[in-house]
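Below is one structure, written out as structure tokens; the observations come after it.
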Protein chains: 2
Amino acid sequence: MPASKSDTSVAPRSAATRKRTRIQQEKEELILEAALDVFARHGFRGSTIDQIAEQAGISKPNLLYYFRTKEAIHRMLIDRLLDTWLEPMKIIDADGDPISEIQSYIRRKLELARDYPRESRLFANEILQGAPHIQEELHDLRELVEEKAEIIRGWITQGKIAPCDPKHLFFSIWAITQHYADFDAQIRVVLGTTGEGEGRFEDAARFLDQLYVNGLKG
Amino acid sequence: MPASKSDTSVAPRSAATRKRTRIQQEKEELILEAALDVFARHGFRGSTIDQIAEQAGISKPNLLYYFRTKEAIHRMLIDRLLDTWLEPMKIIDADGDPISEIQSYIRRKLELARDYPRESRLFANEILQGAPHIQEELHDLRELVEEKAEIIRGWITQGKIAPCDPKHLFFSIWAITQHYADFDAQIRVVLGTTGEGEGRFEDAARFLDQLYVNGLKG
DNA sequence: AAAAAATTTTACCGTATGGTCAAATTTACA
DNA sequence: TGTAAATTTGACCATACGGTAAAATTTTTT
């Protein structure tokens, strides 16, 4: 079944159906890694294809052989990101101990901020611009939050944690944890040269543990 | 004392020394207002001079008559912003009641997020990109935080609030309050169509009051 | 090794963008 | 009102940028 020239014979770029070559896998990975770096530092509009290509160590047309457009790279990065990003929330367990479930959630989110700061900034950039590329994905998030908020409400009804607005609870956890990745430049200055290491994440974990454990005690 | 042509006779743009004309004041204000809108929506690199000029209702060369470069507009916006931004922190009073001082601080920061979301996003964009334009100003912030952190430590020593890391306390407050401006796109989706009004700020205020009052009780 | 497929490079194109220049127009002031 | 200063405009420029076309090269398959 021959199709239009652009998606057969010569051009396997973004070949969704076709079996992927070894080189294809390697190069796509290389490009995505470079793009994540550049996008996280300069935002979507602030990043150029040339920049990404240079960072990946390949030529611009070669990059465009694997991804048709700059948007395509960005979209793939965002898609991957969201899986990682929502994982901690998905595993919140209604049958677990409420306080330690929330503690775990905070700790996991903080680990993400520490270990994947570029992903956090990529996401922050996207939302700051009004989330133009991920309206649909955001609606998946909405359903997930709805489901987990129901769990929290259950805990409140059972008197296991203090009454509070579950959604704003989530907002606060997202905000604080991601803040350590997104506002890193500010945090480093405020903490001073002594705060160069990753110790700030441990300090943050201690602080947040206390804040939320006391703040949510039933 | 005649100087080079560019900064005398014809070109009063960015006339720091010269007495400012009525038209100069009006137009500069107009441009800054338009630029704030555009920068907040698209970030620095994502905004074009043409966009700003159009939003201001003037021509591009006319805009460049008042501000030599795009950077100059941005810099002036950031400078103005920081004053407003740090005000709530400056008025934290060592002699006030600790809990209500912190409550007030949170409330004020939340009001800023509600009333000046564009400024919040402008700032967020700048920090996300690594704060390239405001390293000096950030050091002023550092000193201010140092000073206020000392006040918090005093309250802790006196047993008026629970022991905690003062700087991380501030980080958490900044993060959460600004989150309501910066991640507005996400919050709207999660809260759903019912959350269209500004009621979310009242809900947020209630939630945060509870979280911090309980969380910091000595 | 030859043929086919996949990959890479060189040269290039149209548009967007930051910014300039000199002329035209408006405003302020004596 | 006349004149100098201030303001505005239209035409323009160099560069950056996203992306394309086709030839050249490498890799895979037979």
Any chance you could measure Asp93(B), atom CG, to Glu101(B), atom CD, to the nearest 0.5 Å? 5.0 Å

Judged by modelled atom types alone, do Trp85(A) and Glu137(A) share a side-chain donor-acceptor pair under 3.5 Å? no

Nearest whole Å is fine: how far is dA6(D) C1' from Glu28(B) CD? 13 Å

Could you check how far CD1 of Ile23(B) sits from C1' of dT26(C), rounded to whole Å? 8 Å

Which whole-number value in Å describes the distance from Leu64(A) CG to dC17(D) P? 14 Å

Evaluate the side chain to side chain contact (heavy atoms under 4.5 Å, CB included) criterion for residues His139(A) and Glu143(A): first the C-alpha distance (whole Å), next the side-chain angles of each, then the deciding distance (0.1 Å), finally the verdict. CA-CA 6 Å; His139(A) 279 85; Glu143(A) 285 173 29; 5.6 Å; no

Between Lys148(A) and Lys167(A), is there a donor-acceptor pair closer than 3.5 Å when you use the side chain of the first and the backbone of the second? no

Would you find more than 12 non-hydrogen atoms of other residues, nucleotides or ligands less than 6.0 Å from Met89(A) atom CE? yes

When rounded to whole Å, the CD to C1' distance for the pair Glu54(B) and dA16(C) reads 14 Å

If only side-chain N and O atoms of Arg22(A) are considered, is one of them under 4.0 Å from the OP1 or OP2 phosphate oxygen of dT28(D)? yes

Determine whether the side chains of Glu126(B) and His133(B) contain a donor N or O and an acceptor N or O closer than 3.5 Å. yes

Name the orientation class of the two ring planes belonging to Tyr180(A) and Phe171(B) (parallel below 30°, tilted from 30 to 60°, perpendicular beyond 60°). perpendicular

Can you check the Lys70(A) NZ to dA16(C) P distance for me, whole Å? 15 Å

Using a strict 4.0 Å threshold on nitrogen-to-oxygen distance, state whether Glu202(B) and Arg206(B) make a salt bridge. no

Give each protein N/O atom lying under 3.5 Å from an N/O atom of nucleotides 9-15 of chain C, with the pair distance.
unit_1: dT9(C); atom_1: OP2; unit_2: Ser59(A); atom_2: OG; d: 3.3

N-O pairing of Arg153(A) and Glu150(A) below 4.0 Å: yes

Any Thr21(B) side-chain nitrogen or oxygen under 4.0 Å from OP1 or OP2 of dT27(C): no

Name every residue in residues 38-52 of chain A that has at least one heavy atom under 4.0 Å from any atom of DNA chain D, in order of residue number, or write none if there are no such residues. Ser47(A), Thr48(A), Ile49(A)

Could you tell me the separation between the CD atom of Glu26(A) and the P atom of dT27(D), rounded to a whole number of Å? 11 Å

Mind calculating the distance between CD1 (Ile31(B)) and P (dT7(D)) to the nearest angstrom? 11 Å

Hey, does the side chain of Tyr66(A) come within less than 4.0 Å of dT8(C)'s phosphate (OP1/OP2), counting only N and O? yes

Does a nitrogen or oxygen in the side chain of Gln24(B) sit under 4.0 Å from OP1 or OP2 of dT7(D)? yes

